[in-house]
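Worksheet for the structure shown next.
Numbers here simply count residues along the sequence, with the first being 1.
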Amino acid sequence: MRIGVPKETYAGEKRVATTPDVAAKLIKLGYTVALEQGAGAAADFADDAYRAVGVEILAEAAELWSSSDIVLKVRGPSLDAPDEVALLPEGGRLISFLWPAQNPVLMERLAERRATVLAMDSVPRISRAQKADALSSMANIAGYRAIIEAAQNFGRFFTGQITAAGRVPPAKVFVIGAGVAGLAAIGAANGLGAIVRATDTRPEVGDQIKSLGAEFVPVEYQEEGTGVGGYAKVMSEGFQRAQLAMIAKQCAEVDVVVTTALIPGKPAPRLITAQMVASMQPGSVIVDLAAEQGGNCELTVPGQVVERHGVRIVGYTDLPSRMARQSSQLYATNLLRLIEELTPGKDGTMTVNMDDELVRGATVIHEGAITWPPPPPRLSAAPAAAPSAVAPPPVAAAPVLSAGLRSLLVLAGGALALLWLGSVAPPAFMAHLMVFVLSCFVGYMVIWNVTPALHTPLMSVTNAISSIIAIGAILQISSPGVLLTLLGSAALVLTTVNMVGGFWVTQRMLSMFRRSE
C-alpha cells in the first residue's frame, strides 16, 4: 500500500506528518511513501533528504491524494479551498488530528466518502498506547515553548543574580494544571532558575510537581479531581470558588502565569478573570495554552499577544508548530508506532482490527460508519465504586494482644532462646554471635535513621552491609597477629570509602535538582 504525505494547508502550520528517518522505517514495513513537494520545507526537511531514503516526491497535491491508499496529515483535511476531503479517494484511509467532537461537519463529509479515519487525538490513554500518544508529545513541546515565550515577553531574568550593580531576584512562575504540558513548563521554568509553583485538581500529581523542584499549591477543598483516562474532570461549584480564590492570591504574587487547564470535549474553563489580571504587577506575563479552546484567561485573544492592565497575555495557538522540526519528528514517530499496530504482518498492508483497544479507540470512522465516541477503556482511572451497603454477617472477634504485650513476649522468647543457645554452644560461637547482632543493630540504626531523600534503596542496602563489615573490621584490628590487623584495617578503609562515596554521589545527584536562591 502507498502512504501519501501532503503539505499542510492550514495557515501558519509548519509541521509535516513524516520525516526522512521515519519514512525510511515506513518503507521497511513494506509501504511505499510519497510526499508532496516542499511539504517538509517549513520544518527544515528538504525534499532531497526524503529522496535519499526512497520517498517519491510529487509536485501536485491532487496527484498525491488520488494515488495514496493512506494519507498522513497533522491537521484534519480542510473543507474550504482547497477542499481536501474531495481529494480523498472513495474508501480511502486518513490518519491525522481530527477533534471529532468539535468538527461534526467534517466527520459527516468523511463518512460520505466511505473513508476509514483514525484520529490521533482519540488515541486511548492506556499503557500500550503511550507510544502513539501524539497529544502528550505535542503537549510536551507546547509546555516547554510556553516558558520560552514567557521569557521572550518578560522584561527580567528568570534566574536570580547578585551583580556589582545590585541583586536581581528570581522570577516567580505559577503553572495551572500539571498534565504533560504543565510538567514540561515546570521543568523548563525551573531549569531557567525561576521559583516555580503549580496547582492541579488531581492531588496525586503533587509528588510529580515536587519532584521537578516546584511547590505544589493545593486547593483548600476536598474533592476528587481525576476523571476517566487520567484527565481532569469538571469540578463542583464549591471547589471552583475555592480554586479561583487560590489563583487570585497567586496572580497577585507571581510574575508569570502559565495556564494549561483543559477538559476533553468541553470548552476551556475560565480560571483567570479580568480582576486577577489587573491585580498582577505591570510587566507580568500570562501564557494561555488553552487559547485554541477559548482560553483559561478571560482576556485571552487566540493567536495574538495582547497587553491588558500592563500584563502581556500570550494566546498563541501554534506553539508546537513554532518548534516544527522537533514536533514533526515526535509526531511522525507517534504515527509510525500506530501504523506498526495496524501492520501486524509487516507486509505493507494496513489492517484495522476493531477488537484491538488501541485501534478501536483511535478509529472514529470505519468504512464510512461513524464509530466515535469509542467505548470507555476497560481500565479506568475513575474512583472505585463504593462498597455495598449490605452489612456483612457478624464475625466473632478474635482476642487481640496489645502491642506492648506482644513486644514483651518476643523479648522473653528471644532471651530464652539465647540462654538455651549459650548452654549448648561453645564460648567462641557466642562471642561471634554477639558481634554479629551488634553489627546488625548498628547498621540498622545508621541507615534507617537517615532521611529517605538522602539515599536510594540500593545504597541503603549496600551501606547497611558496609556498616556490618566496618564493625567487624574494628574488632579484628585489635586481634593478635599482624595479618588480622592488616586485613581488618584494609576492610575498614574500603568500607569507609564505600559509605562516604555513596553519600557523596547522592549529594551530587541531589545538587542537580537543587536551585540556589
- Message: If you count every heavy atom of other residues, nucleotides or ligands that lies below 6.0 Å from Glu60 atom CD, does the total exceed 12?
- Response: no
- Message: Show, in sequence, the C-alpha distance, side-chain angles and deciding distance for Ser321 and Asp318, and conclude whether the side chain to side chain donor-acceptor pair (under 3.5 Å) test is met.
- Response: CA-CA 5 Å; Ser321 186; Asp318 61 346; 5.2 Å; no
- Task: Determine, stepwise, if the pair Arg360 / Asp355 fulfils side chain to side chain contact (heavy atoms under 4.5 Å, CB included).
- Result: CA-CA 7 Å; Arg360 173 63 187 90; Asp355 294 327; over 6 Å; no
- Residue pair Gln329 / Thr19, side-chain donor-acceptor N/O under 3.5 Å: yes
- Message: With no hydrogens and no angle check, just 3.5 Å: does a side-chain donor-acceptor pair link Ser67 and Arg2?
- Response: yes
- Should the pair Arg197 and Phe216 be classed as cation-pi, given the thresholds of under 6.0 Å to the six-membered ring centre and 45° from the axis? no
- Message: Please determine whether side chain to side chain contact (heavy atoms under 4.5 Å, CB included) holds for the pair Val196 and Glu215, giving the CA-CA distance in whole Å, both sets of side-chain angles, and the decisive distance to 0.1 Å.
- Response: CA-CA 6 Å; Val196 188; Glu215 176 190 352; over 6 Å; no
- Under 6.0 Å from the OH atom of Tyr144, do we count more than 12 heavy atoms belonging to anything else shown? no
- Task: Quick one: do Thr371 and Ile365 satisfy side chain to side chain contact (heavy atoms under 4.5 Å, CB included)? Show the steps, please.
- Result: CA-CA 5 Å; Thr371 58; Ile365 302 176; 5.6 Å; no
- side-chain contact (heavy atoms from CB on, under 4.5 Å), paired with Leu342, selected from Ile95, Thr363, Leu358: Ile95
- Query: Between Glu84 and Gly76, what is the shortest heavy-atom contact and its length?
  - Reply: OE1-O, 4.2 Å
- Can you tell me if Thr18 and Tyr331 form a side-chain donor-acceptor pair at under 3.5 Å? no
- Are any non-hydrogen side-chain atoms of Val277 and Ile286 less than 4.5 angstrom apart? yes
- Task: Please state whether the rings of Tyr50 and Phe45 are parallel, tilted or perpendicular, taking 30° and 60° as the class boundaries.
- Result: perpendicular
- Query: Between Phe97 and Trp99, how do the two ring planes meet: parallel, tilted or perpendicular, split at 30° and 60°?
  - Reply: parallel
- CD/Glu253: more than 12 non-hydrogen atoms of other groups inside 6.0 Å: yes
- Backbone of Asn296 reached by a side-chain donor or acceptor of Asp288 within 3.5 Å: yes
- Exercise: identify the closest heavy-atom pair between Leu98 and Met107: CD2-SD, 3.6 Å
- Query: Is the number of heavy atoms from other residues, nucleotides or ligands under 6.0 Å of Lys131 NZ greater than 12?
  - Reply: yes
- Stepwise, does the side chain to side chain donor-acceptor pair (under 3.5 Å) test hold for Asp255 with Ser284? CA-CA 5 Å; Asp255 304 298; Ser284 299; 4.8 Å; no
